[in-house]
Amino acid sequence: NEVTPVNYEVLKNEIEFLLAMQGLVCSAHDISNGGLITSLIESSVPNKLGAKLDLTQINSNLATALFSETSGRTLVSLNTNNLAQLEKLADKFNQKIYAIGKIQKDSFAITHTNLESEVNIQIEQLFEPYKNGLTKILKDIECIFMIFIFSSIYLFLSNPFQYKSK
């Protein structure tokens, strides 16, 4: 519940590392709001690509591996021919990198030691929630809000002298 203080020297190294990897990587996406899973979906769904991933090395807890919003992390894709160069750059800038998987067509296949078996999700299943998720959520919030208002009014009118807000 505390915000971790920013270490500006570490931040400087991270930024210099990101700048140095230009030309080696095909794409880069920050891992922030929503964690790794959100970054994967935002990077993959518009391009109709998935990935075969093993998330065990990121964190022993699957939920933390997928949803952690720890700052200073970036999801990158690159040609495997550039991996050795990227590893050398990471050493130079004192950065950890994890090769978590490979891009593939049509689906996400996720493995982790906390899973009994591989999880497979077809990219097609993600199109609708990706495109219209916020609209649906906002409609649901409006409905919940309206129910809350009516419930509050009903509670207030049904017993006006003993109403206590929750």
Side-chain angles (χ1 to χ4, degrees), residues 1-138 140-141:
N1 295 296
E2 269 184 42
V3 176
T4 306
V6 176
N7 181 325
Y8 291 103
E9 196 58 39
V10 171
L11 182 61
K12 180 179 176 258
N13 276 351
E14 290 170 358
I15 292 169
E16 288 175 351
F17 177 55
L18 289 171
L19 292 171
M21 71 169 73
Q22 286 183 34
L24 289 178
V25 300
C26 301
S27 68
H29 191 298
D30 69 307
I31 299 174
S32 55
N33 294 344
L36 176 62
I37 192 69
T38 301
S39 297
L40 284 164
I41 291 169
E42 288 175 351
S43 299
S44 301
V45 171
N47 298 307
K48 299 180 181 174
L49 294 171
K52 185 169 180 66
L53 306 165
D54 182 352
L55 303 180
T56 303
Q57 63 180 321
I58 295 175
N59 194 293
S60 60
N61 181 298
L62 179 59
T64 302
L66 289 171
F67 299 105
S68 173
E69 296 179 344
T70 304
S71 64
R73 298 179 309 140
T74 305
L75 173 68
V76 299
S77 65
L78 72 153
N79 184 307
T80 54
N81 295 335
N82 295 336
L83 183 58
Q85 271 186 280
L86 187 65
E87 289 171 335
K88 285 179 187 173
L89 269 178
D91 286 342
K92 178 181 175 182
F93 289 99
N94 197 30
Q95 300 295 306
K96 291 181 185 174
I97 61 172
Y98 302 96
I100 60 170
K102 294 186 179 214
I103 295 171
Q104 65 182 22
K105 289 183 111 182
D106 303 325
S107 69
F108 281 105
I110 300 172
T111 59
H112 190 277
T113 54
N114 290 1
L115 293 171
E116 290 180 17
S117 62
E118 185 176 85
V119 173
N120 285 288
I121 303 165
Q122 296 299 310
I123 291 295
E124 294 168 0
Q125 293 175 289
L126 300 172
F127 287 154
E128 185 63 27
Y130 177 79
K131 286 174 46 182
N132 299 317
L134 187 57
T135 304
K136 179 168 177 12
I137 289 168
L138 290 176
D140 289 347
I141 288 172

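By convention here, the first residue in the shown sequence is residue 1.
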Mind checking salt bridge (Lys or Arg N to Asp or Glu O under 4.0 Å) for K92 and listing every partner two or more places apart, or none if nothing turns up? none
What's the spacing between L36 CG and L55 CG if we round to 0.5 Å? 6.0 Å
Could you check whether any side-chain heavy atom of Y8 comes within less than 4.5 Å of a side-chain heavy atom of K12, counting everything from C-beta outward? no
Looking at CG of L75 and CD1 of I31, how far apart are the two atoms once the value is rounded to the nearest 0.5 Å? 5.5 Å
T113 side chain to T56 main-chain N or O, any donor-acceptor pair under 3.5 Å? no
Minimal non-hydrogen separation, L49 against K105, with atom names: CD2-CG, 4.4 Å
Within this structure, what is the OG1-CG distance for the pair T74 and L18, rounded to the nearest 0.5 Å? 4.5 Å
Is the backbone N or O of G35 less than 3.5 Å from a side-chain atom of S68, with the two atoms forming a donor-acceptor pair by type? no
Using only atom types and a distance under 3.5 Å, with no angle test, would you say the side chain of D106 pairs donor to acceptor with the backbone of Q122? no
Shortest non-hydrogen contact between L115 and I110, atoms and distance: CD1-O, 3.6 Å
To the nearest 0.5 angstrom, please state how far the CD atom of E14 sits from the CG atom of N94. 10.5 Å
Side chains of V76 and I97: does their closest heavy-atom pair fall under 4.5 Å? no
Quick one: does N82's side chain get under 4.5 Å of L24's, heavy atoms only? yes
Heavy-atom closest contact (S27 atom, S77 atom, distance): OG-OG, 2.5 Å
Return the minimal non-hydrogen interatomic distance between I123 and S107, and the atom names on each side. CG1-N, 3.6 Å
Working to the nearest 0.5 Å, report the span between CD1 of I58 and OG1 of T64. 11.0 Å
Can you confirm whether E124 is buried at CD, in the sense that more than 12 heavy atoms of other residues, nucleotides or ligands lie under 6.0 Å from that atom? no
Any non-hydrogen side-chain atom of L62 less than 4.5 Å from a side-chain atom of F67? no
Non-hydrogen atoms of S60 and N114 that approach each other most closely: O-ND2, 3.1 Å
When rounded to the nearest 0.5 Å, the distance separating CD1 of I41 from NE2 of H29 is 10.5 Å
With no hydrogens and no angle check, is any side-chain donor or acceptor of E69 less than 3.5 Å from a backbone partner on G34? yes
Examine distances only and state if a side-chain atom of H112 and a backbone atom of N59 form a donor-acceptor pair shorter than 3.5 Å. yes
Main-chain N/O of L53 paired to T111 side chain as donor or acceptor, under 3.5 Å: yes
Minimum heavy-atom separation for N120 and E118, please, with both atom names. ND2-OE1, 3.3 Å
